[in-house]
Amino acid sequence: MHYIEDLKQYIGQEVVLKGWVTNRRSSKGIEFIILRDGTGFVQCVVDVNEAGEQVYERAHRLTQETAVEFKGYVLEDERQLGGVEVHVRNIEVIGPSQDYPITNKPHGIDFLLDHRHLWLRHRRPWAIMRVRNTIIFAIHQFFQQEGFVQADAPIFTPNAVEGTTTLFETMFYDRPAYLTQSGQLYGEAMAMALGKIYTFGPTFRAEKSKTRRHLSEFWMIEPEMAFYDNEMNMDLIERFIKFVVARVLEKNKFELELLERDTTILENTINKPFPRITYDEAVQIIRGEKQVKGKTTIGLLEEMKASTEDRIKTLEKEIAEREKILADPNLKQGKRNFIQNKVDTMKHELKELQEKLKNIPQWIDSAKNFEYGEDFGGSDETALTSLFDTPIMVYNWPKAIKAFYMKEVPGRPDLVKGIDVLAPEGYGEIVGGSERESNFDILLESIRKHGLPEKFFQWYLDLRRFGGVPHSGFGLGLERFVAWITKTYHVREVIPFPRYYGRLEP
RNA sequence: UCCCCCGUAGCUCAGUUGGUUAGAGCACCGGACUGUUAAUCCGGGUGUCGAAGGUUCAAGUCCUUCCGGGGGAGCCA
C-alpha cells in the first residue's frame, strides 16, 4: 500500500492506493477520479482502452466518498496539482457511499458546520489542519530547543483570573468551579520552580461574542520566564513567531498553495524586524496624526473607500449589460443559465461591497476620534496594522484597561508593561503579554482595586513573599495564529470541532 | 445586552410598486462527448416560502411577536 504524498518517488511504477473518491468527471471512454487518502489528493485516470470494459464500468458507478482500493501506475503530469497522476488498472470498493450531502458546489457556513465531521474531509479544512499541525509541532520544537519545560495548568479553577462575566461554571464534586480562562497565574508559579516554562492547553470563555475572532473553547500557549524583563519578552516573542512561520513556509508549500495564500507577508515576517511602538505612538498613528512610510490611517481608509466605490460602479455596469442580454427572448437556455448565474454572483458581491462602503465612514470616524486611554477596536487595529507589512508590537499600555498583574512602567504609574502583538491583514491581536508585577504591595493593592477575592490570591501572593523576581510571559491564541497564517476568514474553521456561542454540535 | 442583514426545493440562491400555475443552478437518474480540473451540453421533479398572529378582494412580498442563522459593537487570544 502506498500514500499519495509519496507518489513522486514511484513515477513509472505500480502502486496500490487506498482512499476515498472526492470527485469524478467523465468523458467518452475516460473517467477522471480525484482520490484522497489523508496524505493528499491525486487525479486517477480510468481509460477504457487501458483498464478494460469491466473496470471502466465500475469507475463510472463510483459515487462521492466511496472508499476504494486502486491499483495502477504513476505518471508525471505537470498539469496536476501534485505533479503526478495515476492510471488505474483495477478498482475494489471497500465501503460504499450514497447521497453524500456536501456537493462540489457552494454551501452556507451553517450547513457545513452541521456536517463538520464530513466537511473535515474536504480540501480547505484538510490543508488548514495540516498547517495547524505544523504550527503545533513547531511551537513545541521552539520552546524545547530554547530550554523551556512544558508544564500544564489546571482546567478546573476556583476563581477568575480576569473578571467574572465570562466564566463557564461547573461543579467540582459538591462545590462550584469554573473552567480556566488562562493558565497564567499557575504558569508564574511553575516558572519560579522550573525557570522557563510553557503551557499548552484548552481555554474556555463564555463570551456571547459572534465575531470571526472568538471561540468559547480555544487553545492557548502561555510561556512564562523567570528573570525576564519586558524587552527580553519582546525579543522572545519575535523569535518565536519567526520560527513557527518559517517552519510553515518550509513544510506546507503545497497546503498554502491550495489555500491560495499569498506568502509575501509571511516571508516579511521571517525576514524583517517587527516594529515596536508604544501605545502613545499607536494612538497618534490611529488618529492619522502620525505618518508611517508617508501614509496615514485616514488616507488609507479614504483610498479603500474610493476603490470600493469604483468596484461598485463597474459591477453595476456589468450587471446592467448582462440583464440587457437576458431580455432577449431568443437566447438559448444554456447561455441564459450561464449569464443568470454570473449576474447572481455579481449581485452578491455588490451587496457585500455596499455593506462595506457603509461601514468605512464609521471606521474613519472611529479612528479620527480615538480617545486616549481606550482599547483599540477591531477597525482601529485593521487601520493601524495595514500600514505595516509584518506583525507589530504595541507596548506600554494604560493601566486602567489592562489586567491587574501587569507591572507599572517606572515613572509612569498610569502605564503598565503590557505587549500586544497585532497580526497584519486585519487579523488583530494574536499575542498578549507583559512583565508581571513583582512588588508585593503594589500587587496586593491592584487585586483590591480590581475587587478580586483576596483569599483566592494568597498562593499567588506567596510567589512574591518567597523570593519574588522580575518575570514575564505571554499568551498566544492558537486559532487566531492559525487563521492569520492560513488567511482563513473565521477562527471557527481552523479548529476541528469549533465551540462558540450557538454551536455545541457535532 | 445592543445595532444591521438573512430565513423560499436535499444544498446555494433569484423572486420587481402585494396580482394568474413558485423559478434557476447543483445534487440524483438517463443520454451526448476520447484529457477533464467545481468539466460541459440535452432531457427528467422536487416546495408547510422559519412559526404564530395581523392588514388586504388578494401576502413569499407589508406590519407585530417569537424562533434560528450571519455580520458587527462591547469583551478578549
Side-chain angles (χ1 to χ4, degrees), chain A residues 22-34 41 43 45-50 56 63-64 77 79-81 85 98-115 122-123 162-163 165-166 181-182 184 203 205-216 218-222 326 332-345 347-348 351-352 354-356 358-359 362-363 366 374-379 381 401-403 420-423 427-433 474-484 489-492 501-503:
Chain A
T22 69
N23 198 13
R24 184 173 63 83
R25 294 180 284 269
S26 69
S27 200
K28 189 178 184 182
I30 191 163
E31 294 279 330
F32 300 97
I33 293 158
I34 308 295
F41 296 79
Q43 171 159 290
V45 183
V46 186
D47 189 321
V48 67
N49 297 322
E50 283 182 311
Y56 173 73
T63 54
Q64 208 184 344
D77 191 327
R79 290 170 294 186
Q80 306 311 328
L81 200 53
E85 69 176 16
Q98 238 137 54
D99 298 322
Y100 184 71
I102 305 177
T103 63
N104 275 324
K105 288 287 161 176
H107 295 282
I109 188 67
D110 195 42
F111 176 82
L112 288 172
L113 283 167
D114 280 342
H115 296 84
H122 294 244
R123 282 173 190 245
E162 315 163 19
T165 50
T166 61
Q181 288 177 303
S182 161
Q184 190 212 303
T203 305
R205 298 206 184 156
E207 290 160 359
K208 288 185 180 172
S209 304
K210 296 177 99 171
T211 84
R212 65 198 189 91
R213 301 186 306 278
H214 289 85
L215 291 168
S216 304
F218 62 97
W219 288 73
M220 203 151 58
I221 293 90
E222 295 181 285
L326 286 173
K332 278 188 84 180
Q333 192 58 38
K335 194 90 182 165
R336 175 179 299 277
N337 292 341
F338 181 79
I339 296 175
Q340 188 65 55
N341 270 354
K342 263 268 156 65
V343 168
D344 287 349
T345 315
K347 276 187 179 168
H348 219 257
K351 228 187 245 178
E352 267 170 28
Q354 282 165 341
E355 183 72 30
K356 188 176 168 192
K358 226 168 58 187
N359 284 328
Q362 289 170 25
W363 296 347
S366 150
E374 305 259 297
D375 208 347
F376 303 156
S379 68
E381 280 184 357
I401 56 167
K402 286 290 179 188
D420 279 6
V421 177
L422 305 179
Y427 284 88
E429 189 177 352
I430 52 170
V431 167
F474 64 93
L476 170 88
L478 180 64
E479 283 73 22
R480 284 190 185 176
F481 196 36
V482 178
W484 168 57
Y489 183 73
H490 202 300
V491 287
R492 69 187 159 205
Y501 185 59
R503 170 72 55 189

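Every value quoted in this text rests on a predicted model; they were computed, and no experiment measured them.
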A.B. asks: Contact class for A:L478 vs. all strands (heavy atom < 4.0 Å): base, sugar-phosphate, or nothing?
C.D. replies: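 Counting heavy atoms under 4.0 Å across all strands, no contact is made by A:L478.
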A.B. asks: Taking the C1' atom in each of B:U56 and B:U17, what is the distance between them to the nearest angstrom?
C.D. replies: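 Those two atoms are separated by 16 Å.
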A.B. asks: Of the nucleotides B:A73, B:G71, B:G35, which one has an atom closest to the side chain of A:T211?
C.D. replies: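 Comparing B:A73, B:G71, B:G35 against the side chain of A:T211, the answer is B:A73.
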A.B. asks: Are A:T203 and A:W219 packed together at the side-chain level, in the sense that at least one heavy-atom pair is separated by less than 4.5 angstrom?
C.D. replies: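 No; the side chains remain at least 4.5 Å from each other.
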A.B. asks: Are any of the side-chain heavy atoms of A:D114 and A:R503 separated by less than 4.5 Å?
C.D. replies: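 Touching, per the 4.5 Å side-chain cut-off.
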A.B. asks: Can A:F218 be said to stack with the base of B:A77, given centres closer than 5.5 angstrom and planes under 30 degrees apart?
C.D. replies: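 Stacked: centres under 5.5 Å apart, planes under 30°.
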A.B. asks: Write down the atom of A:E381, the atom of A:L422, and the distance for their closest heavy-atom approach.
C.D. replies: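 Closest heavy-atom pair between A:E381 and A:L422: OE2-CD2, 3.7 Å.
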A.B. asks: Give a yes or no on whether the backbone of A:Q181 and the side-chain of A:R205 come within a donor-acceptor separation of less than 3.5 Å.
C.D. replies: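 Here the side-chain-to-backbone pair exists.
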A.B. asks: Does a distance-only test, which skips hydrogens and angles, find a donor-acceptor pair under 3.5 Å between the side chain of A:E31 and the base of B:U36?
C.D. replies: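 In this structure, the two groups form no donor-acceptor pair.
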A.B. asks: What's A:G378 touching, base or sugar-phosphate or nothing? Going by heavy atoms closer than 4.0 Å.
C.D. replies: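 Result for A:G378 = sugar-phosphate.
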A.B. asks: Using atom P of each nucleotide, how far apart are B:C26 and B:G43 to the nearest Å?
C.D. replies: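 The same atom, P, in both gives a distance of 12 Å.
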A.B. asks: Can you tell me the base-pairing partner of B:G10? Count Watson-Crick or G-U wobble geometry only, both distances below 3.5 Å, and say none if there is no partner.
C.D. replies: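 The answer is B:C26, by the H-bond criterion.
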A.B. asks: Starting the side chain at C-beta, find the nucleotide from B:G72, B:A39, B:A77 nearest to A:Y489.
C.D. replies: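 The answer is B:G72, which lies nearest to the side chain.
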A.B. asks: So, OP1 or OP2 of B:A39: does either fall under 4.0 Å of a side-chain N or O from A:R25?
C.D. replies: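 Yes.
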A.B. asks: Give me the distance, rounded to whole Å, that separates B:C57 from B:U20 when you measure between the C1' atoms they each carry.
C.D. replies: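 15 Å, rounded to whole Å.
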A.B. asks: Whom does B:U21 pair with, Watson-Crick or G-U wobble, provided both distances fall under 3.5 Å?
C.D. replies: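 Pairing partner: none.
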A.B. asks: Roughly how many Å is it from CG in A:D47 to P in B:U36, rounded to a whole number?
C.D. replies: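 For the pair A:D47 CG and B:U36 P, the rounded distance is 14 Å.
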A.B. asks: What does A:Q80 touch in the nucleic acid at a heavy-atom separation under 4.0 angstrom: a base, only the sugar-phosphate, or nothing?
C.D. replies: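 The residue A:Q80 makes base contact.
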A.B. asks: Between A:F111 (CZ) and B:A9 (C1'), how many Å, whole number?
C.D. replies: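 It is 13 Å, rounded to the nearest whole Å.
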A.B. asks: Where each residue is assigned the nucleotide of RNA chain B containing its nearest heavy atom, which of A:F376 and A:H490 is assigned the position nearer the 5′ end?
C.D. replies: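 Upstream on the strand: A:H490.
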A.B. asks: Can you tell me the distance, in whole Å, between the CZ atom of A:R24 and the P atom of B:C33?
C.D. replies: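 Rounded to whole Å, this separation is 16 Å.
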A.B. asks: Are A:R492 and A:F218 in a cation-pi setup, meaning NZ or CZ lies under 6.0 angstrom from the ring centre and within 45 degrees of the ring axis?
C.D. replies: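 Geometry flag: not set, cation outside 6.0 Å or 45°.
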A.B. asks: Identify whether any heavy atom of A:Y501 sits under 4.0 Å from a base atom; if not, whether one sits that close to sugar-phosphate; answer base, sugar-phosphate or nothing.
C.D. replies: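 The residue A:Y501 makes no contact with any strand.
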A.B. asks: Specify the separation, in whole Å, of atom NE2 of A:H214 and atom P of B:G71.
C.D. replies: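 Distance check: A:H214 NE2 to B:G71 P gives 13 Å.
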A.B. asks: May I ask which nucleotide in the shown strands pairs with B:U56, Watson-Crick or G-U wobble, both distances under 3.5 Å?
C.D. replies: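 Partner of B:U56: none found under 3.5 Å.
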A.B. asks: Does A:D114 reach a base, just sugar-phosphate, or nothing at all? Heavy atoms under 4.0 Å.
C.D. replies: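 The answer is nothing, as A:D114 stays clear of every strand by at least 4.0 Å.
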A.B. asks: Taking the P atom in each of B:U46 and B:G25, what is the distance between them to the nearest angstrom?
C.D. replies: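 Each nucleotide's P atom is 16 Å from the other's.
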A.B. asks: Roughly how many Å apart are B:U16 and B:G23, using the P atom of each and rounding to a whole number?
C.D. replies: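 Their P atoms lie roughly 13 Å apart.
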A.B. asks: Quick one: label A:E85 by what it contacts on the DNA or RNA (base, sugar-phosphate, nothing), any heavy atom closer than 4.0 Å.
C.D. replies: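 Result for A:E85 = base.
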A.B. asks: Taking only the side-chain heavy atoms of A:N23 (C-beta and beyond), determine which of B:G35, B:G72, B:A38 contains the nearest atom.
C.D. replies: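 Closest nucleotide to the A:N23 side chain: B:A38.
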A.B. asks: Please give, in whole Å, the distance from B:A73 P to A:D375 CG?
C.D. replies: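 From A:D375 CG to B:A73 P: 12 Å.
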A.B. asks: At 4.0 Å (heavy atoms only), tell me whether A:R212 reaches a base, stays on the sugar-phosphate, or touches nothing.
C.D. replies: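 Sugar-phosphate, backbone atoms only, no base.
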A.B. asks: How is A:D420 classified with respect to the nucleic acid when contacts are heavy atoms under 4.0 Å: base, sugar-phosphate, or nothing?
C.D. replies: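 No contact.
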A.B. asks: Say we look at B:G70 and B:U61: how far apart would their P atoms be, to the nearest angstrom?
C.D. replies: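 That atom pair is separated by 24 Å.
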A.B. asks: Rounded to the Å, how far apart are A:F32 CZ and B:C33 P?
C.D. replies: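 The distance from CZ of A:F32 to P of B:C33 comes to 16 Å, rounded to the nearest Å.
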A.B. asks: Taking any heavy-atom pair under 4.0 Å as a contact, classify A:T203: base, sugar-phosphate, or nothing.
C.D. replies: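 The residue A:T203 makes no contact with any strand.
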A.B. asks: Is there a side-chain polar atom (N or O) of A:R213 under 4.0 Å from OP1 or OP2 of B:G74?
C.D. replies: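 For A:R213, the contact criterion (side-chain N or O under 4.0 Å from OP1 or OP2 of B:G74) is not met.
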A.B. asks: Could you check which of B:G35, B:G72, B:U34 has an atom nearest any side-chain atom of A:N49?
C.D. replies: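 Minimum distance to the A:N49 side chain belongs to B:U34.
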A.B. asks: Contact class for A:V431 vs. all strands (heavy atom < 4.0 Å): base, sugar-phosphate, or nothing?
C.D. replies: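 Counting heavy atoms under 4.0 Å across all strands, the contact made by A:V431 is with sugar-phosphate only.
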A.B. asks: So do A:Y56 and A:E31 actually touch side chain to side chain, heavy atoms under 4.5 Å?
C.D. replies: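 The answer is yes; the side chains approach within 4.5 Å.
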A.B. asks: Between B:A77 atom P and A:I401 atom CD1, what is the distance in whole Å?
C.D. replies: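 Roughly 12 Å, once rounded to whole Å.
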A.B. asks: Look at atom CZ of A:F111 and say whether more than 12 heavy atoms of other residues, nucleotides or ligands are closer to it than 6.0 Å.
C.D. replies: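 Yes.
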A.B. asks: When the distance from CG of A:L215 to P of B:C76 is rounded to whole Å, what number comes out?
C.D. replies: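 So the two atoms are 17 Å apart, to the nearest Å.
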A.B. asks: Are A:Q43 and A:R25 packed together at the side-chain level, in the sense that at least one heavy-atom pair is separated by less than 4.5 angstrom?
C.D. replies: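 Yes, at least one pair of side-chain atoms sits under 4.5 Å.
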A.B. asks: B:G70, OP1 or OP2 - any side-chain N/O from A:R492 closer than 4.0 Å?
C.D. replies: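 So the side chain of A:R492 is within the cut-off, an N or O lying under 4.0 Å from OP1 or OP2 of B:G70.
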